[in-house]
There are 2 protein chains.
Amino acid sequence: METPVESTRERLLNIAEQRFGEGGYEGTSLRAITVAAAANIAAVNYHFGSKEALLRAAVARAMAPVNTERRRRLDQLEARGAPTAEDLIRAFVEPGLDLVLRRGERGAVVARFIGRIAFDPSQRIRELYAAESDPIESRYLAALRAALPHAAPEAVAFGYVNMLGLLALHQSQALTPAPGGADAEVADTGKLAENLIAFLVAAFDRGLRS
Amino acid sequence: METPVESTRERLLNIAEQRFGEGGYEGTSLRAITVAAAANIAAVNYHFGSKEALLRAAVARAMAPVNTERRRRLDQLEARGAPTAEDLIRAFVEPGLDLVLRRGERGAVVARFIGRIAFDPSQRIRELYAAESDPIESRYLAALRAALPHAAPEAVAFGYVNMLGLLALHQSQALTPAPGGADAEVADTGKLAENLIAFLVAAFDRGLRS
DNA sequence: GCATAGTTCAAACGGTCGTTTGAATCAGAG
DNA sequence: CTCTGATTCAAACGACCGTTTGAACTATGC
């Protein structure tokens, strides 16, 4: 028989991140996923074990390159010593948005998936995402505190969660209800990352309690 | 018989906004709602017509006082002429967060409900929320553009969706996974609104593309 | 008291959910 | 070819979903 370019396992992961990103975890059935992936329903439990395990595998796979790139940038910045807040914000935001901007449709699917899962209504799902991005969180927070000595530590943490949230919202495209809307235009011009970074830099530099 | 302080209809709305706020629309069943409200399942379809109609009624009821207050503040600001960006941001954010801070537990439930529905995974639900808050959106955008003449109109719209998103995330408490975390501390001191407003004002004043 | 409209009730409807089963099919090694 | 382990398959499992039904109950006006 013809050799499929993607294994069943890969097709399931690809379709899962697409559908989960569109309808959320609760709003997407395994049957919808397996039909779209041209796989049997039992294949999910065979390859992953359960619906939640499929989600976990999809999150891990989607986050891996983002985490790697963030770690790499953070290492590089710290090697040079004393990164600015803008350096750090850029090192955090760009790996998340480059998915959308520089990898075509596939990247947009992954970004929407990540952004959606990060703020899923179910706390269980959110924790699943948080566990995947936690490892570098403390490093970022420490670097941000050092770069913003005038701001109180709690204020820096406040800024960090705002950055995390805004990035997720733009990744999930939940802010662009109408095609051709304001945000879509910004994204089309490839300036979304720059706009978001400028927005956040101003907020971090001058909008945090001291 | 004893007169219940709340009618079945009111109990359903109260429990609905609590449960929808906790688990999202898809993640909450009518049976869970009716059991908690001590009502029969058929009561939902009798009083509202369907699950989605129940959600619609809950959204409308929860948003009404927020919209009213925002309109009132906007009227007041425009009567005085030439409101600043901070005036406008404050007039938008405070009505949304006062729910949490100044109405006790009940207000926190309503705020979480609104914040969650605003960015529900399902676009259908998000549009349902947007329809409820649209009427004043264009007024706010126009006033913001006038207050920020140095910023491009698309940049102002970009800032507006960021404000909307950050407010919803803080309302939904999705940014506070662990009790006693950084954000909870900020909220406990009653300073969340001030911190968020300062964050947004700095971003609007200095973080928007011209 | 009796009719009437408003409300609640237990029960069931058809459908979909995630998961499991056990047989069928596959590819590769001996 | 035969054997073996990995993979796929149709089918069914019990549970839960939103919705509907028609009878029972409640309160109010006559």
Side-chain angles (χ1 to χ4, degrees), chain A residues 1-59 61 113 116-117 120-125 128, chain B residues 1-59 61 113 116-117 120-125 128:
Chain A
M1 68 176 290
E2 48 176 330
T3 60
V5 289
E6 295 173 322
S7 67
T8 297
R9 193 187 148 89
E10 285 169 336
R11 290 201 316 276
L12 285 174
L13 285 173
N14 290 341
I15 300 291
E17 66 188 3
Q18 176 200 322
R19 298 304 173 99
F20 282 149
E22 289 171 356
Y25 180 73
E26 297 280 359
T28 305
S29 72
L30 285 185
R31 280 174 173 83
I33 293 175
T34 51
V35 165
N40 190 277
I41 317 187
V44 170
N45 284 325
Y46 175 75
H47 285 285
F48 301 97
S50 69
K51 183 186 182 183
E52 183 169 325
L54 167 63
L55 173 67
R56 192 159 34 236
V59 169
R61 194 188 70 161
F113 170 64
R116 195 75 84 198
I117 293 305
D120 189 272
S122 163
Q123 184 178 349
R124 168 184 212 81
I125 307 299
L128 198 150
Chain B
M1 69 177 289
E2 48 175 333
T3 59
V5 290
E6 295 174 320
S7 67
T8 297
R9 191 187 151 89
E10 286 169 337
R11 290 199 317 274
L12 284 174
L13 284 172
N14 290 341
I15 300 290
E17 67 188 3
Q18 176 198 325
R19 298 303 173 98
F20 282 148
E22 289 171 357
Y25 180 73
E26 296 279 359
T28 303
S29 71
L30 286 185
R31 279 173 175 83
I33 292 175
T34 52
V35 165
N40 190 276
I41 318 186
V44 171
N45 283 326
Y46 175 76
H47 285 285
F48 302 97
S50 69
K51 183 186 182 183
E52 185 170 324
L54 167 63
L55 173 67
R56 190 159 36 235
V59 169
R61 194 188 69 161
F113 170 64
R116 196 75 86 199
I117 293 305
D120 189 273
S122 163
Q123 185 178 347
R124 168 184 211 80
I125 307 298
L128 198 149

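For the numbers below, each heavy atom of this structure counts, side chains included, while hydrogens, waters and symmetry mates do not. In what follows, chains are A, B, ... by sequence order, proteins preceding strands, each numbered from 1. Not measured: the values here are computed from a predicted model.
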Legend entry - Close side-chain approach of A:F48 and A:L13, heavy atoms under 4.5 Å: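 Of all side-chain heavy-atom pairs linking A:L13 with A:F48, at least one is under 4.5 Å.
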Legend entry - Any B:D120 side-chain heavy atom under 4.5 Å of B:L128 side chain: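 They are not in contact (no side-chain heavy atoms under 4.5 Å apart), so the answer is no.
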Inset, instruction - Measure the distance from CG on B:L55 to C1' on D:dC17 and round it to the nearest whole Å. - result: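 In whole Å, D:dC17 C1' lies 17 Å from B:L55 CG.
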Inset, instruction - Could you tell me the separation between the CG atom of B:L12 and the C1' atom of C:dC9, rounded to a whole number of Å? - result: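 Rounded to whole Å, this separation is 14 Å.
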Inset, instruction - Enumerate the residues from residues 20-51 of chain A whose closest heavy atom to DNA chain C is under 4.0 Å, giving them by residue number; use none for an empty result. - result: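 Output list: A:T28, A:S29, A:L30, A:R31, A:I41, A:A42, A:N45, A:S50, A:K51.
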Inset, instruction - Compare side-chain N and O positions of A:T8 against OP1 and OP2 of D:dT8 and report whether any pair is under 4.0 Å apart. - result: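 Checking A:T8 against D:dT8: at least one side-chain N or O falls below 4.0 Å of OP1 or OP2.
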Inset, instruction - For residues A:S50 and A:V44, report the shortest heavy-atom separation together with the two atoms involved. - result: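 Smallest heavy-atom distance, with atoms named: O-CG1, 4.0 Å.
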Inset, instruction - Please determine if B:K51 forms a cation-pi arrangement with B:Y25, meaning its NZ or CZ atom is less than 6.0 Å from the six-membered ring centre and no more than 45° off the ring axis. - result: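 Yes - B:K51 lies over the ring of B:Y25, closer than 6.0 Å to its centre and within 45° of its axis.
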Legend entry - Positive for side chain to side chain donor-acceptor pair (under 3.5 Å) with B:N14, one of B:R9, B:E6, B:R19: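 That would be B:E6; it is the only one of B:R9, B:E6, B:R19 passing the side chain to side chain donor-acceptor pair (under 3.5 Å) with B:N14.
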